[in-house]
Protein chains: 2
Amino acid sequence: MQSVMAKKNVSEILRKKGISVTTQRIEILKYLMQTKTHPTVEDIYLQIHSTFASLSRATVYNTVMAFKEVGLVQEITIEKEKARYDGNFEAHPHFFCRTCQKVYDLGAEVKLTYPHEKYKVESEQIYLYGVCEYCR
Amino acid sequence: MQSVMAKKNVSEILRKKGISVTTQRIEILKYLMQTKTHPTVEDIYLQIHSTFASLSRATVYNTVMAFKEVGLVQEITIEKEKARYDGNFEAHPHFFCRTCQKVYDLGAEVKLTYPHEKYKVESEQIYLYGVCEYCR
DNA sequence: ATGATTGCAAAATGTTTGCATTCGT
DNA sequence: ACGAATGCAAACATTTTGCAATCAT
């Protein structure tokens, strides 16, 4: 029954992360937490701009960078053309369909095991490529 | 003793892949098979252009795309800014150092396990992020 | 009040495209 | 000889930057 995250909850998340709370950031975070489409900056801009006309692309760029730094979003570079953003910060693999160009989440069934030796790993991304079930 | 791959061998690889053999392709493939730096298009262009002045950036773009299609290189999108190319086509993880911005190969100690269910996986990329041993 | 954020425009970067010339087979 | 590959310039897409106006605390 809680279809869309309330403005208050989103503000609280921003406050807890120690970054200042603006209307733009609230709107962008609400959108990112609610969608599973892995939107690009342009996607985010077009979506929010349609109901909040003053939003600029520069602010979307600033905002996703700020969110990435405090750990509110993951940056998905599964295609070389453009970055996508995922409001789910938990590590999980992504699948790119080369037919419909959509990015899907994969779950815990994909597992990565490695010894932390020479490298101090801070984050990881697993990208799988192929054709999704709908396009086959 | 075989420091640099001979022109003949490289030509043979191209011929076996069924793509036509040009001087530019020979030079680019020789370079990609010999380096472990995961060069960008600009890196490849600058390196080869220094001794082969007529090479153009457009040809480097065309060539890495052709190589990718026939399975001679992997495209590494570990950074959103630019793609890198790896002449080692075997699946292996990559590590990106956020300090020196270099990309390192990781070996078989990193393992990915998953069931092929809904998605027909054709290729995979594993990217790890952190600080390398030299930068720490 | 003051420093951070925003919006706009310009610039920078990486990549793609169109087309005439050259090359590989 | 013919289709493919090359080189150049222009176009395009994404991202970054500079700066004045506005907003958050």
Side-chain angles (χ1 to χ4, degrees), chain A residues 7-8 10-29 38-70 72-73 75-85 101 103, chain B residues 7-8 10-29 38-70 72-73 75-85 101 103:
Chain A
K7 185 170 171 173
K8 239 181 189 173
V10 175
S11 304
E12 184 59 24
I13 292 169
L14 291 170
R15 210 172 296 117
K16 276 184 182 159
K17 286 290 185 181
I19 63 176
S20 58
V21 181
T22 68
T23 310
Q24 290 85 343
R25 287 178 174 182
I26 291 168
E27 291 305 314
I28 293 171
L29 186 54
H38 308 87
T40 65
V41 164
E42 186 69 12
D43 294 336
I44 298 167
Y45 169 75
L46 289 175
Q47 175 62 36
I48 299 178
H49 188 259
S50 70
T51 58
F52 180 31
S54 86
L55 181 71
S56 71
R57 284 179 177 84
T59 293
V60 181
Y61 278 104
N62 290 337
T63 301
V64 294
M65 198 181 308
F67 287 1
K68 186 186 165 190
E69 271 163 19
V70 299
L72 277 174
V73 302
E75 189 171 74
I76 307 298
T77 60
I78 202 165
E79 304 166 88
K80 76 158 174 298
E81 290 76 19
K82 49 195 179 292
R84 293 164 173 269
Y85 295 88
Q101 315 270 301
V103 174
Chain B
K7 184 170 169 173
K8 241 181 187 170
V10 176
S11 304
E12 184 58 23
I13 292 170
L14 292 169
R15 209 172 296 118
K16 276 184 181 158
K17 287 290 184 180
I19 63 175
S20 58
V21 180
T22 68
T23 310
Q24 291 83 344
R25 288 179 174 182
I26 291 168
E27 292 303 313
I28 293 171
L29 186 54
H38 309 87
T40 63
V41 164
E42 187 69 10
D43 294 336
I44 298 168
Y45 169 75
L46 289 175
Q47 174 63 36
I48 299 179
H49 187 259
S50 69
T51 58
F52 179 33
S54 85
L55 181 71
S56 71
R57 284 180 176 84
T59 293
V60 180
Y61 277 104
N62 289 337
T63 301
V64 294
M65 199 182 308
F67 286 2
K68 185 186 165 191
E69 271 164 19
V70 300
L72 277 174
V73 302
E75 190 171 75
I76 307 298
T77 61
I78 202 165
E79 304 165 87
K80 78 158 172 297
E81 290 78 18
K82 49 193 180 290
R84 293 165 173 268
Y85 295 88
Q101 316 269 301
V103 174

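Within every chain, numbering begins at 1; the chains are lettered A, B, ... in the order of the sequence lines, protein sequences first and strands thereafter. Computation of the quantities below employed the complete heavy-atom set of this structure, encompassing side-chain atoms and omitting hydrogens, waters and symmetry-equivalent molecules.
Using a 4.5 Å heavy-atom threshold, the side chains of A/Phe67 and A/Leu14 count as touching. Looking only at side-chain heavy atoms (C-beta outward), A/Glu42 and A/Lys82 stay at 4.5 Å or farther from each other.
At least one donor-acceptor pair under 3.5 Å links the side chain of B/Thr77 to the backbone N or O of A/Thr77. One N or O on the side chain of B/Arg84 and one on the backbone of B/His38 form a donor-acceptor pair closer than 3.5 Å.
The separation between A/Ile48 atom CD1 and C/dT6 atom P is 12 Å, rounded to whole Å. Separating the CZ atom of A/Phe67 from the C1' atom of C/dT5 is a distance of 12 Å, rounded to the nearest angstrom.
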Let's go through A/Glu27 and A/Leu55 carefully: what are the C-alpha distance in whole Å and the side-chain angles of both, what is the deciding distance for side chain to side chain contact (heavy atoms under 4.5 Å, CB included) to 0.1 Å, and is it a yes or a no? CA-CA 10 Å; A/Glu27 291 305 314; A/Leu55 181 71; over 6 Å; no
Contact state string [nucleotides 10-20 of chain C, B base, S sugar-phosphate only, - no protein heavy atom under 4.0 Å]: ----SBBB---
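Terminal axes of the helix from C/dA1-D/dT25 to C/dT25-D/dA1 (five pairs each, C1' rotation axis) are separated by 50°, to the nearest 10°.
The footprint of chain B on DNA chain D, defined by a heavy-atom cutoff below 4.0 Å, extends from D/dA4 to D/dT16.
If you take CD1 on A/Ile44 and OG1 on A/Thr63, they are separated by 9.0 Å, rounding to the nearest 0.5 Å. The structure places CD1 of B/Ile28 at 12.0 Å from CG of B/Leu72, a figure rounded to the nearest 0.5 Å.
Contacts of B/Ala83 classified as side chain to side chain contact (heavy atoms under 4.5 Å, CB included), with partners at least two apart in sequence or in another chain: A/Lys80, B/Glu75, B/Tyr85.
Nearest approach of A/Ile26 to A/Ser11, heavy atoms of both residues: CD1-OG, 3.4 Å.
Side chains of B/Asp43 and B/Thr40: a donor-acceptor N/O pair is present below 3.5 angstrom, by distance only.
Listed by residue number, B/Ser20, B/Val21, B/Thr22 are the residues of residues 15-29 of chain B with a heavy-atom contact under 4.0 Å to DNA chain C.
Listed by first and then second residue, the side-chain hydrogen bond (donor to acceptor under 3.5 Å, both in side chains) pairs involving residues 13-26 of chain B are B/Glu12-B/Arg15 (not counting sequence neighbours).
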